[in-house]
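Everything on this sheet refers to the single structure shown next.
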Amino acid sequence: MSEITVNLPHCKYSVLIESGIIAKAGQQLLASLGLSDMKDIKVAIIADEQVFNLHGDPLITSLKNQSDGVYAFSQVEGEKQKTLERVRSYYDQLLSAGFDRSSCVISFGGGVVGDTAGFVASSYFRGISFIQCPTSLLAMVDASVGGKVGVNLPQGKNLIGAFHQPRLVLIDPLVLDTLPERELKSGLAECIKHAVIQDPELFSWTKKNIKSFLKRDPKFLSELIAKNVEVKARVVEQDEKEQGIRAHLNFGHTFAHAIEATLGFEKIKHGEAVGLGMLAASTLANKRGLCDASVRTDIYEILELAGLPTRADLVSNKELIESMKKDKKARAGKMRLILPTKIGEVGVFEDVPENELIPAWDSIR
Ligand SMILES: NC(=O)c1ccc[n+]([C@@H]2O[C@H](COP(=O)([O-])OP(=O)(O)OC[C@H]3O[C@@H](n4cnc5c(N)ncnc54)[C@H](O)[C@@H]3O)[C@@H](O)[C@H]2O)c1
Ligand SMILES: [Zn+2]
């Protein structure tokens, strides 16, 4: 088992990575709550329906061994479900089942369920205990660590939310066996991002082993998850509320959000858009003289090896740039871009004129 600790000034929690760990969720939860017994503690599993059908039994059994009040609520998959209406329906179900301040919520699924369940836990009775059990690679290496929770509004993605750190994160790499291939690759894009922003050695290691990840070799996947959780955890420890270095995790994302918003979430996966966004950002950085052309070539090659797209059928530059300006990461109307200076290092730039975005977009058409 790998254990990574996230140490924040107001709380500390473990991320446990082990094959088969969902069958021990009850014991791990009991230990993390610091109780001798949790028979009277109510536990709600908020799950992605598909994931629950595939992998829910050992989780339920293990929790029922510890608590007499285990409830499972599930939602059909998809970003469209990340809404306040869905959150409201969970509040109703928790209230009917008698959940109180001592109760807890476990998310079981990808980032959609993690963000939604986390928001429920952050706001129900002003905040109850929350456990993340991520089942997509993207949620394991990114969404489940760091405490950002929330839902979408019709006006935009992730506009409503909170910081609510989990008490525990349980990662079972075995569940990745059933993850659709496109989703696996989408998660790999966030791993590539972590390497580009922080660590040239991680970049080379990721590149060298990419075929093993795609073959879902459990040993390599466990190592990949542990190395990436480590990157995310260390960034969050330095800057929980994204006032500084945590913004580096948005590398590629201002471009990615414009791609997602203009093409639609059904057409493109988040990680695919992030891969394209990293390419566009590295074109821009190179043209500004911030980095060598080799940075873009390195990112291009690793994306190709991972089977991620390096080009897309995009809308006009004008529409893309308008969408970038609306991104919530823009500060006081100024677009903030994270641009690479070399593999393993990025910086924040707020002075990029619009005309410099055009060749960046053209480089991924
Ligand atoms: N909170 C954060 O810090 C943070 C960070 C990154 C992304 N996010 C959010 O995460 C969401 C994207 O997460 P995602 O990519 O996991 O999407 P997702 O939750 O929609 O899951 C992707 C798909 O994979 C399926 N799936 C998941 N695990 C599976 C498994 N083990 N076996 C079979 N199928 C499985 C799901 O049913 C779904 O169809 C977005 O809403 C994004 O905003 C949040
Ligand atoms: Zn992302």
Problem - Lys207, NZ: over 12 other non-hydrogen atoms inside 6.0 angstrom - result: yes
Completion exercise
The residue among Val346, Asp239, Val236 that forms side-chain contact (heavy atoms from CB on, under 4.5 Å) with Ile245 is Asp239
Exercise for the section: Kindly work out whether a path of hydrophobic side-chain contacts (I/L/V/M/F/W/Y, heavy atoms less than 4.5 Å apart) joins Leu174 to Ile106. Expected result: no
Problem - Ring-face cation contact, Phe265 with Lys80, 6.0 Å cut, 45° max - result: no
Exercise for the section: Return yes if a side-chain donor-acceptor contact under 3.5 Å exists between Glu272 and Ser186, otherwise no. Expected result: no
Exercise for the section: Indicate yes or no: at least one non-hydrogen side-chain atom of Asn158 is less than 4.5 angstrom from one of Asp115. Expected result: yes
Problem - Side chains of Ser123 and Tyr91, donor plus acceptor under 3.5 Å - result: yes
Handout entry: N/O donor-acceptor pair under 3.5 Å between Ser74 side chain and Ala47 backbone
Key = no
Completion exercise
Of Gln132, Glu49, Gln75, Lys82, the one forming a side-chain contact (heavy atoms from CB on, under 4.5 Å) with Val113 is Gln75
Handout entry: Reported NZ-to-CG distance for the pair Lys342 and Asp292, which is rounded to 0.5 angstrom
Key = 10.5 Å
Practice task
Would you please say whether a donor-acceptor pair under 3.5 Å links the side chains of Ser103 and Asp100?
Solution key: yes
Handout entry: Glu223 side chain to Asn209 side chain, donor-acceptor N/O pair below 3.5 angstrom
Key = no
Handout entry: Basic-acidic side-chain contact under 4.0 Å: Lys227, Glu230
Key = no
Practice task
Using a cut-off of 6.0 Å, state whether more than 12 heavy atoms not belonging to Asp37 lie near its atom CG.
Solution key: yes
Exercise for the section: Could you tell me whether Asp177 and Arg216 make a salt bridge, using a distance below 4.0 angstrom between a side-chain N and a carboxylate O? Expected result: no
Problem - Glu201, CD atom: more than 12 neighbouring heavy atoms under 6.0 Å - result: no
Handout entry: Neighbour count >12 (heavy atoms, 6.0 Å) for atom NZ, Lys39
Key = yes
Problem - Joint hydrophobic cluster, Leu224 plus Ile171, side-chain heavy atoms closer than 4.5 Å - result: yes
Practice task
Look at the side chain of Arg311 and the backbone N and O of Arg365, then say whether any donor-acceptor pair between them is shorter than 3.5 Å.
Solution key: yes
Handout entry: Heavy-atom side-chain proximity of Val169 to Tyr13 below 4.5 angstrom
Key = yes
Problem - Flag for Thr178-His55: side-chain donor and acceptor within less than 3.5 Å - result: yes
Practice task
Ignoring hydrogens and angles, tell me if any N or O in the side chain of Ser323 forms a donor-acceptor pair with the backbone of Glu319 under 3.5 Å.
Solution key: no
Practice task
Flag yes if more than 12 heavy atoms outside Asp40 fall under 6.0 Å of its CG atom; otherwise flag no.
Solution key: no
Handout entry: Exam field: side chain Tyr90 to backbone Thr116, donor-acceptor pair closer than 3.5 Å
Key = no
Exercise for the section: Taking the side chain as every heavy atom from C-beta outward, state whether Ser282 and Pro340 have any atom pair closer than 4.5 Å. Expected result: yes
Exercise for the section: Mind telling me whether Phe130 and His164 have parallel, tilted or perpendicular rings, with 30° and 60° as the class edges? Expected result: parallel
Handout entry: Basic-acidic side-chain contact under 4.0 Å: Asp142, Lys193
Key = yes
Practice task
Name the orientation class of the two ring planes belonging to Tyr71 and Phe73 (parallel below 30°, tilted from 30 to 60°, perpendicular beyond 60°).
Solution key: parallel
Handout entry: N/O donor-acceptor pair under 3.5 Å between Ser67 side chain and Lys64 backbone
Key = no
Exercise for the section: Answer yes or no: are there more than 12 heavy-atom neighbours, outside Arg88 itself, under 6.0 Å from its atom CZ? Expected result: no
Practice task
Start with the C-alpha gap between His248 and Gln198, add the side-chain angles, then the distance that decides, and say whether side-chain hydrogen bond (donor to acceptor under 3.5 Å, both in side chains) holds.
Solution key: CA-CA 9 Å; His248 291 185; Gln198 286 246 314; 5.7 Å; no
Problem - Any donor-acceptor pair under 3.5 Å from Asp172 side chain to Gly20 backbone - result: yes
Handout entry: Heavy-atom side-chain proximity of Ile22 to Ser62 below 4.5 angstrom
Key = no
Exercise for the section: Verify the distance criterion only: is there a donor paired with an acceptor across the side chains of Ser129 and Arg167 at less than 3.5 Å? Expected result: yes
Problem - Greater than 12 external heavy atoms within 6.0 Å of Glu181's CD - result: no
Problem - Heavy-atom pair with the smallest gap, counting every atom of Leu94 and Ala44 - result: CD2-CB, 3.7 Å
Exercise for the section: Mark yes or no for whether Thr297, through its side chain, and Ala293, through its backbone, hold a donor-acceptor pair below 3.5 Å. Expected result: yes
Practice task
Say whether Glu79 and Asn152, considering side chains only, have a donor N or O and an acceptor N or O under 3.5 Å apart.
Solution key: yes
Handout entry: Option passing side chain to side chain donor-acceptor pair (under 3.5 Å) with Glu240 (candidates Lys148, His10, Arg246)
Key = His10
